[in-house]
Amino acid sequence: MNSFRLFCEDRDGVGKCKNVPPGTVVDSGITHPSERDFYLCSHQGIQGTSKPTHYHILWDDNDMTMDDIQMLTYSLCHLYFRCTRSVSLPSPAYYAHLAAFR
């Protein structure tokens with residue numbers, strides 16, 4: 001389970017809790033040195049500290065750059081119909097979760 005939290009330097013964060021801004025990506029420093037992975041905080045923390053999601057690129061048939069994959073992932077977090085804000089996971093993951101319980 002992911003227990004990382006991201007913090008802004010000098011408390012320049014957004015919101016009451018001074019979280020990192022939505023769309024913050026970390027793809028170096030705390031990631032695996034040879035695997036393709038990244039952390040994305042795609043949502044704004046309303047209460048408490050935002051928890052970033054850790055993504056691993058397992059297979060890429062399209063030969064996308066990491067920046068393109070990160071932007072696509074962040075964009076998919078804005079398409080969930082039950083929420084007017086961005087959510088922490090891409091909407092296909094939420095839809096798969098809903099379909100699994102029907």
Side-chain angles (χ1 to χ4, degrees):
M1 181 122 206
N2 174 11
S3 60
F4 284 106
R5 300 291 190 269
L6 301 177
F7 297 96
C8 293
E9 291 184 5
D10 299 327
R11 300 296 289 174
D12 290 332
V14 295
K16 181 175 66 173
C17 296
K18 302 296 183 192
N19 285 307
V20 294
T24 300
V25 174
V26 177
D27 57 4
S28 61
I30 60 173
T31 57
H32 197 276
S34 61
E35 294 179 4
R36 296 179 72 191
D37 65 331
F38 63 96
Y39 289 89
L40 170 64
C41 189
S42 59
H43 60 289
Q44 182 174 357
I46 298 172
Q47 181 178 359
T49 305
S50 298
K51 183 176 169 184
T53 305
H54 191 189
Y55 295 93
H56 294 271
I57 311 305
L58 301 177
W59 191 263
D60 180 16
D61 284 335
N62 296 319
D63 294 325
M64 296 174 70
T65 65
M66 282 300 287
D67 289 337
D68 289 340
I69 292 172
Q70 292 162 0
M71 183 60 73
L72 174 65
T73 305
Y74 182 58
S75 297
L76 287 172
C77 292
H78 289 83
L79 299 177
Y80 191 55
F81 72 94
R82 291 186 173 190
C83 187
T84 59
R85 299 172 172 234
S86 61
V87 292
S88 59
L89 292 173
S91 57
Y94 277 113
Y95 295 140
H97 180 75
L98 288 173
F101 288 100
R102 289 189 176 226

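Keep in mind that this is a model prediction, so the values were computed, not measured. Residue numbers count from 1 along this sequence.
Under the salt bridge (Lys or Arg N to Asp or Glu O under 4.0 Å) criterion, Asp37 pairs with no residue at all, not counting sequence neighbours. A search for side-chain hydrogen bond (donor to acceptor under 3.5 Å, both in side chains) contacts involving Ser88 returns Tyr94, not counting sequence neighbours. Residues passing the ring pair (Phe, Tyr, Trp, His ring centres under 6.0 Å) test with His78, sequence neighbours excluded: Tyr74.
Shortest non-hydrogen contact noted between Arg36 and Met64 is NH2-O, 3.1 Å. Across all their heavy atoms, His43 and Val87 have their closest contact at CB-C, 4.0 Å. Closest approach of Ser42 to Pro22, counting heavy atoms only: O-CB, 3.9 Å.
The OG atom of Ser86 sits 12.0 Å away from the CG atom of Leu76 when rounded to the nearest 0.5 Å. With rounding to the nearest 0.5 Å, the separation of CZ in Arg82 from CG in Leu98 is 4.5 Å.
Using a 4.5 Å heavy-atom threshold, the side chains of Tyr39 and Thr24 count as separate.
By the 6.0 Å contact criterion, NE2 on His56 is enclosed, its count of non-hydrogen atoms from other residues, nucleotides or ligands being greater than 12. Annotation for Met71: atom CE does not count as buried by contact number, only 12 or fewer foreign heavy atoms lying within 6.0 Å.
Under the 30°/60° scheme for interplanar angles, the aromatic rings of Tyr95 and Tyr80 are found to be tilted.
Residues Val26 and Phe38 are members of separate hydrophobic clusters, defined by side-chain heavy-atom contacts under 4.5 angstrom among Ile, Leu, Val, Met, Phe, Trp and Tyr. Following chains of ILVMFWY side-chain contacts shorter than 4.5 Å, one cannot reach Val25 starting from Ile30, and the two form parts of different hydrophobic clusters. No continuous path of hydrophobic side-chain contacts links Leu89 to Val20 [ILVMFWY only; heavy atoms under 4.5 Å].
Looking at Asp67, Thr73, Asp68 one by one, the single match for side-chain contact (heavy atoms from CB on, under 4.5 Å) with Gln70 turns out to be Asp67.
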